[in-house]
Amino acid sequence: MSLAQLRSQMTRRKPLGEIEEESAPADERLARSLGLWQLTAIGVGGIIGAGIFTLAGAVAHSVTGPSVLISFLIAGVASGAAALCYAEFAGMVPKAGSAYTYGYVSLGEIAGWFIGWDLLLEYIAVAAVVAIGVSGYFKFLLEGVDITLPDWMMGASGTGEGHVIDVFAVLFCLGTAWLLSRGIRSVGRFETVAVGIKVALVVLIIVLGVFHIDSSNYTPYFPFGAGAVWTGAATVFFAVFGYDAMSTAAEESTDGKKHLPKAIIYSLAIAMVLYVLATLVLTGMQKYTEISPTSGFSTAFESVGQPGVANIIAVGAIVGIVTVVLTFMLGVTRVWFAMSRDGLLPEWFAKTHPVRKVPTRVTWIVGIGSALMAGLLDITVVAELTNIGILMAFIVVSVAVIVLRRTRPDEPREFRLPFMPVVPLIGIGFSVYLIWSLPWETWARFAAWLIVGLIVYFGYSRTHSKLERTGSAAPAGPKISEGQ
């Protein structure tokens with residue numbers, strides 16, 4: 001094969017008409033049942049969780065101190081710019097796959113492949129790190145009722161004396177996979193109820209915690225130096241996305257073009273307000289050196305003589321954090337489903353359940369994979385791994401939205417992000433800076449995964465792609481309308 005042919009394969013783009021659900025066989029279609037508020041609930045469910053209940057305390061304790069609030073704001077600005085890019089794409093391409101599909105349509109097959117391959121690992125890792133956070137609160141509850149379990153089952157090796165595997169985190173992942181396999185209607189109902197409980201809990205924490213704030217706990221505000229807030233932002237970044245995983249459920253929305261852009265913006269706005277207030281309360285209630293890295297708010301309320309509130313928080317945190325595991329497992333299964341339906345991975349994975357219309361095969365593979373990761377790895381290692389991949393996805397989506405504005409300026413858009421191209425360039429700039437703040441070990445792990453992806457692409461995906469078999473790739477040049 002000549003270099004010109006190889007380049008043509010790698011840069012071929014998927015036409016918008018080729019991603020319509022109606023073109024897929026009946027056993028590769030998803031059921032539509034999610035409305036605006038169910039989508040918003042899934043988005044909020046994916047954003048609010050371990051970020052408030054676990055990671056905020058862990059980062060405040062060992063990375064930033066009280067200035068963790070600034071870390072969340074920095075991450076929120078970067079995420080907000082990317083959210084607007086996702087909103088524009090969601091209004092144009094309401095299909096399963098999210099950033100993978102957006103990249104495939106606008107930048108070409110190799111870009112779509114890499115972002116899809118990236119998200120397979122990152123979303124599984126997010127589900128794992130959040131499951132570890134749930135486990136921390138579950139252990140807090142057991143300690144409160146004097147139940148002692150063997151050390152070997154209380155955490156991954158290296159996280160404590162005698163620890164071998166985090167059994168609770170493993171069970172949470174497998175239980176979430178079971179729920180996802182029951183069908184998207186069941187998932188939507190569960191998310192709506194659970195997110196309502198979670199938001200009510202966070203509001204309760206803020207209202208009660210305000211009365212126990214000691215301003216002296218905010219001093220020193222930058223105990224690890226002002227530059228630490230950027231490292232903190234890179235670490236907590238996975239806590240301020242989730243709308244991207246929600247957008248992978250586009251084909252299961254009753255009106256994706258109208259509902260998805262609104263759900264993306266609503267979910268991030270709600271989450272950021274709650275994050276800012278909650279971190280302000282947490283670091284005001286307790287000295288950063290005393291904040292628990294695993295059950296921050298429960299131990300904070302316990303420290304001010306409110307053990308009853310601490311137990312309520314632990315129970316609510318378990319319910320709330322489970323919704324994050326659910327959202328990201330939903331996301332990774334839909335990305336995997338979309339890549340398989342396009343032929344870039346074996347189409348065996350794209351088959352849906354004949355009754356429930358969900359991809360049960362990949363759901364259980366993802367459940368087992370995330371369970372192994374959650375049971376055997378430390379929370380900080382997994383959190384850093386998730387962030388570099390999602391930041392890469394944000395860069396691709398931000399670049400893609402600029403490209404598509406140029407190549408398809410007249411394509412109907414339910415939502416048009418303002419201040420083009422300033423907003424996507426802000427998202428790109430923040431994302432690059434945050435990636436640069438991550439430790440080199442994270443880069444090495446990410447590079448190893450991408451190398452594996454290259455081998456899979458050139459060994460399988462390039463020749464099995466549906467575009468290769470049908471020859472239906474979109475032309476490379478600018479296009480004004482779908483009919484041209």
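Predicted model only: the values in this text are computed from it and were never measured.
In this structure a side-chain-to-backbone donor-acceptor pair under 3.5 Å is missing from Trp178 to Gly367. A donor-acceptor contact shorter than 3.5 Å is absent between the side chain of Lys258 and the backbone of Gly91. When atom types are taken as modelled, the side chain of His259 and the backbone of Gly35 share no donor-acceptor pair closer than 3.5 angstrom. With hydrogens and angles disregarded, a donor-acceptor distance shorter than 3.5 Å links the side chain of Thr327 to the backbone of Ile42. Checked by atom type and distance alone, the side chain of Glu88 pairs as donor or acceptor with a backbone atom of Leu417 at under 3.5 Å. A distance-only check finds no donor-acceptor pair linking the side chain of Ser79 to the backbone of Ala75 [under 3.5 Å].
The two atoms that bring Thr299 and Ser292 nearest to each other are OG1-CB, 3.2 Å, heavy atoms only. In terms of heavy atoms, Thr363 sits closest to Ala177 at CG2-O, 3.4 Å. The minimum heavy-atom distance between Pro418 and Leu84, with the atom names listed, is CD-CD1, 4.3 Å. Heavy atoms only, all atoms of each residue included: Ser431 and Phe394 are closest at OG-CB, 3.9 Å. The two residues Pro223 and Gly65 make their nearest non-hydrogen contact at CG-CA, 3.7 Å. Nearest approach of Ile291 to Gly296, heavy atoms of both residues: CG2-CA, 4.3 Å.
Taken to the nearest 0.5 Å, the CG atom of Asp166 stands 11.0 Å off from the CH2 atom of Trp152. Rounding to the nearest 0.5 Å gives a distance of 4.5 Å between CD1 of Ile402 and CD1 of Ile428. Rounded to the nearest 0.5 Å, atoms CD (Glu109) and OH (Tyr457) are 3.5 Å apart. Separating the CG atom in Leu450 from the CH2 atom in Trp443 is a distance of 10.0 Å, to the nearest 0.5 Å. For the atom pair Thr219 OG1 and Asp214 CG, the distance stands at 9.5 Å (nearest 0.5 Å). Atom-to-atom distance recorded for Met153:CE and Ile165:CD1 is 9.5 Å, nearest 0.5 angstrom.
In this structure, Trp449 and Trp117 have parallel ring planes: the angle between them is below the 30° cut-off, well short of the 60° mark. The aromatic rings of Tyr102 and Tyr86 lie perpendicular to each other, with more than 60° between the two planes, well past the 30° mark.
Using a 4.5 Å heavy-atom threshold, the side chains of Val432 and Trp436 count as separate. Counting heavy atoms from C-beta on, the side chains of Phe430 and Ile426 come closer than 4.5 Å. Counting heavy atoms from C-beta outward, Ile365 and Trp336 have side chains that approach closer than 4.5 Å. The shortest side-chain heavy-atom distance between Tyr221 and Leu69 falls under the 4.5 Å cut-off. Proximity of Phe89 to Ser106: side-chain heavy atoms (C-beta onward) are separated by under 4.5 Å at one or more points. Contact annotation: the side chain of Val335 approaches that of Tyr123 to within less than 4.5 Å [non-hydrogen atoms, C-beta and beyond]. Residues Leu39 and Leu36 form no side-chain contact, since every pair of their non-hydrogen atoms from C-beta on lies 4.5 Å or further apart. Residues Arg334 and Thr101 fail the side-chain proximity criterion, which asks for heavy atoms closer than 4.5 Å.
Between Tyr104 and Tyr100, the distance from one ring center to the other falls under 6.0 angstrom.
The ring pair (Phe, Tyr, Trp, His ring centres under 6.0 Å) search around Phe419 returns none, not counting sequence neighbours. The ring pair (Phe, Tyr, Trp, His ring centres under 6.0 Å) check on Phe224 picks up Tyr288, with sequence neighbours excluded.
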In a table with atom names and distances, give each donor-acceptor pair under 3.5 Å that connects a side chain of residues 196-208 to protein atoms at least two apart or in another chain.
residue, atom, partner, partner atom, Å
Lys198, NZ, Gly45, O, 3.1
Lys198, NZ, Ile48, O, 2.3
Lys198, NZ, Gly320, O, 2.9
Lys198, NZ, Thr323, OG1, 2.5

List, one per line, each side-chain donor-acceptor pair under 3.5 Å for residues 260-273, sequence neighbours excluded.
residue, atom, partner, partner atom, Å
Ser267, OG, Ala263, O, 2.8
Ser267, OG, Ile264, O, 3.0

Without placing hydrogens or testing angles, list every side-chain donor-acceptor pair under 3.5 Å for residues 277-286, not counting sequence neighbours.
residue, atom, partner, partner atom, Å
Thr279, OG1, Tyr275, O, 2.9
Thr279, OG1, Val276, O, 3.1
Thr283, OG1, Thr279, O, 2.9
Gln286, NE2, Glu290, O, 3.4

Check the pair Ile74 / Val229 against side chain to side chain contact (heavy atoms under 4.5 Å, CB included), numbers first and verdict last. CA-CA 8 Å; Ile74 292 171; Val229 299; 4.0 Å; yes

Test log, rule side chain to side chain contact (heavy atoms under 4.5 Å, CB included), inputs His212 and Gln306: CA-CA 10 Å; His212 298 284; Gln306 298 288 336; 4.1 Å; yes

Can you list the steps and then say if Leu404 with Met92 is a side chain to side chain contact (heavy atoms under 4.5 Å, CB included)? CA-CA 10 Å; Leu404 215 60; Met92 292 179 64; 3.5 Å; yes

Show the numbers, then the answer: is there a side chain to side chain contact (heavy atoms under 4.5 Å, CB included) between Ile213 and Tyr218? CA-CA 10 Å; Ile213 289 178; Tyr218 295 130; 3.7 Å; yes

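Within the structure, no pair that satisfies the salt bridge (Lys or Arg N to Asp or Glu O under 4.0 Å) test touches residues 299-314, not counting sequence neighbours.
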